[in-house]
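Below is one structure, written out as structure tokens, with a few remarks after it.
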Amino acid sequence: MERLNVSLCGINLDNPVIPASGTFGYGYEFAELYDINILGTLSFKGTTKGPRFGNPTPRIAECTSGMINSVGLQNPGVDKVISEELPKLKKCFDKKVMANVSGFSIDDYVYTCERLDDIDEIGWLEVNISCPNVHGGGMSFGTDPKAAASVTKAVKSAVKKPVIIKLTPNVTDIVSIAKACEDEGADGLSLINTMMGMRINLKTKKPVIANKMGGFSGPAIFPVALRMVYQVYEAVNIPIIGMGGIASAEDVVEMMLAGATACEIGAMNLVDPMICKKIIEDLPEVMDKYGIKNLESIIGGAHNG
Ligand code: SIN
């Protein structure tokens, strides 16, 4: 249905709905539930240079209208992602996929992005400088404009595919980080990753999560994400993927009015594995209800006038 089409860094998406990294595996797991070719694309599990076992358990804490995770970038490493995971995805997904990349040094990011840049099925490199659950990497690059700029510059000079930098909300001024990435050539931005949070178990009187703190996501953070997308849209001229607590077709429309070109759906995949399909199916009716002819025309619409 053409009225749902959007263009993300020069690649056409049938619709703006993208399952967020870390909530949709490598995609093929969900192909048992529905035809994942209906998605705009999907962002696969955060991938690092080497394999990672992840953080000690418990890694998850439930909250009102959301959850906290401290997974710690568990993944098989870029070699196995290329040799084992992507061939399985290719069997059930005909579209370009988004590769999500994490690292602990600039060299890590460059190495992993260079490896993935050679893979035809990958359309975009989503560079995660916002993981709150690891030491010495992840979010430490995303909380300082200079560090964010350095990662962006190094990756951009090493790859050909569009580079989308994934930003953290755990900063006082997300706009300065977004602009630093744009200035070094980022092709797009995705925001927001999770917000730092914690829970304490009243029986043990200790933090619920073994790592004490983790990243809070889910519908409770939607207004914060929307506010940050709105602010960043005013400051940059590159596309934004909005994410953070999106749970419905109405939320997608709201996020696009704030300035998102596409939307990632994260925590809600863990509540309802069919949520992305449902949102795509609901979009035409919601568009009709609000007099929207096509989605591309509403991007940033809340800024006009
Ligand atoms: C994790 O693996 O800890 C989550 C990834 C992220 O929040 O970026």
Side-chain angles (χ1 to χ4, degrees), residues 18-26 29 42-63 66-78 80-81 85 98-105 108-109 112-113 116 124-143 147-148 151-152 155 163-171 174 177 181 189-199 207-218 220-222 224-225 228 241-246 264-270:
I18 307 172
S21 176
T23 66
F24 211 73
Y26 290 93
E29 301 91 332
L42 65 96
S43 179
F44 65 62
K45 177 91 191 78
T47 297
T48 51
K49 182 176 180 182
R52 285 184 54 80
F53 185 72
N55 288 338
T57 56
R59 297 169 170 180
I60 301 287
E62 295 212 21
C63 308
M67 59 172 282
I68 297 173
N69 91 81
S70 179
V71 172
L73 299 173
Q74 179 178 349
N75 80 98
V78 69
K80 279 209 169 148
V81 168
E85 304 295 345
M98 189 175 293
N100 184 285
V101 174
S102 275
F104 294 84
S105 67
D108 276 5
Y109 281 106
T112 309
C113 286
L116 295 167
W124 311 258
L125 296 161
E126 184 180 53
V127 177
N128 181 2
I129 57 168
S130 46
C131 175
N133 302 325
V134 291
H135 298 291
M139 195 173 85
S140 60
F141 289 105
T143 48
V151 176
T152 308
V155 171
V163 172
I164 296 173
I165 307 288
K166 184 166 179 177
L167 303 182
T168 175
N170 300 304
V171 290
I174 195 166
I177 315 264
C181 297
L189 299 166
S190 51
L191 57 136
I192 58 175
N193 203 328
T194 53
M195 304 184 69
M196 290 287 287
M198 75 179 293
R199 298 299 309 265
V208 171
I209 288 183
N211 213 25
K212 295 190 180 137
M213 293 166 206
F216 180 44
S217 61
I221 73 166
F222 179 72
V224 179
M228 289 189 162
I241 303 176
M243 75 186 80
I246 294 174
E264 287 188 23
I265 319 299
M268 284 306 289
N269 285 309
L270 310 179

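Order of appearance sets the numbers: ligands from 1, and atoms from 1 within every ligand.
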### Task
Report yes or no: does Ser43 contribute a side-chain atom to a donor-acceptor pair with the main-chain N or O of Asn100 at less than 3.5 Å?
no

#### Entry: Minimal non-hydrogen separation, Ile68 against Arg199, with atom names
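Heavy atoms of Ile68 and Arg199 come nearest at CD1-CG, 3.9 Å.
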
### Message
Minimum heavy-atom separation for Gly142 and Val171, please, with both atom names.
### Response
O-CG1, 3.8 Å

### Pairing residues for Glu29 by the side chain to side chain contact (heavy atoms under 4.5 Å, CB included) criterion, not counting sequence neighbours
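With neighbours one apart ignored, the set is Tyr26.
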
### Query
How would you list, by chain and number, every residue that makes a side-chain hydrogen bond (donor to acceptor under 3.5 Å, both in side chains) with Ser70, sequence neighbours excluded?
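For Ser70 the side-chain hydrogen bond (donor to acceptor under 3.5 Å, both in side chains) partners, ignoring immediate neighbours, are Asn55, Asn211.
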
### Query
Of all residues at least two apart in sequence or in a different chain, which pass the side-chain hydrogen bond (donor to acceptor under 3.5 Å, both in side chains) check with Ser105?
Asp108

Give every pair formed by an N or O atom of ligand 1 and a protein N or O atom closer than 3.5 Å, one pair per line with both atom names and the distance to 0.1 Å, or write none.
from: ligand 1; atom 1: 2 (O); to: Gly72; atom 2: N; distance (Å): 3.4
from: ligand 1; atom 1: 2 (O); to: Leu73; atom 2: N; distance (Å): 2.7
from: ligand 1; atom 1: 3 (O); to: Val71; atom 2: N; distance (Å): 3.4
from: ligand 1; atom 1: 3 (O); to: Gly72; atom 2: N; distance (Å): 2.7
from: ligand 1; atom 1: 3 (O); to: Asn133; atom 2: ND2; distance (Å): 2.7
from: ligand 1; atom 1: 7 (O); to: Asn193; atom 2: OD1; distance (Å): 3.2
from: ligand 1; atom 1: 8 (O); to: Asn128; atom 2: ND2; distance (Å): 2.7
from: ligand 1; atom 1: 8 (O); to: Asn193; atom 2: ND2; distance (Å): 2.9

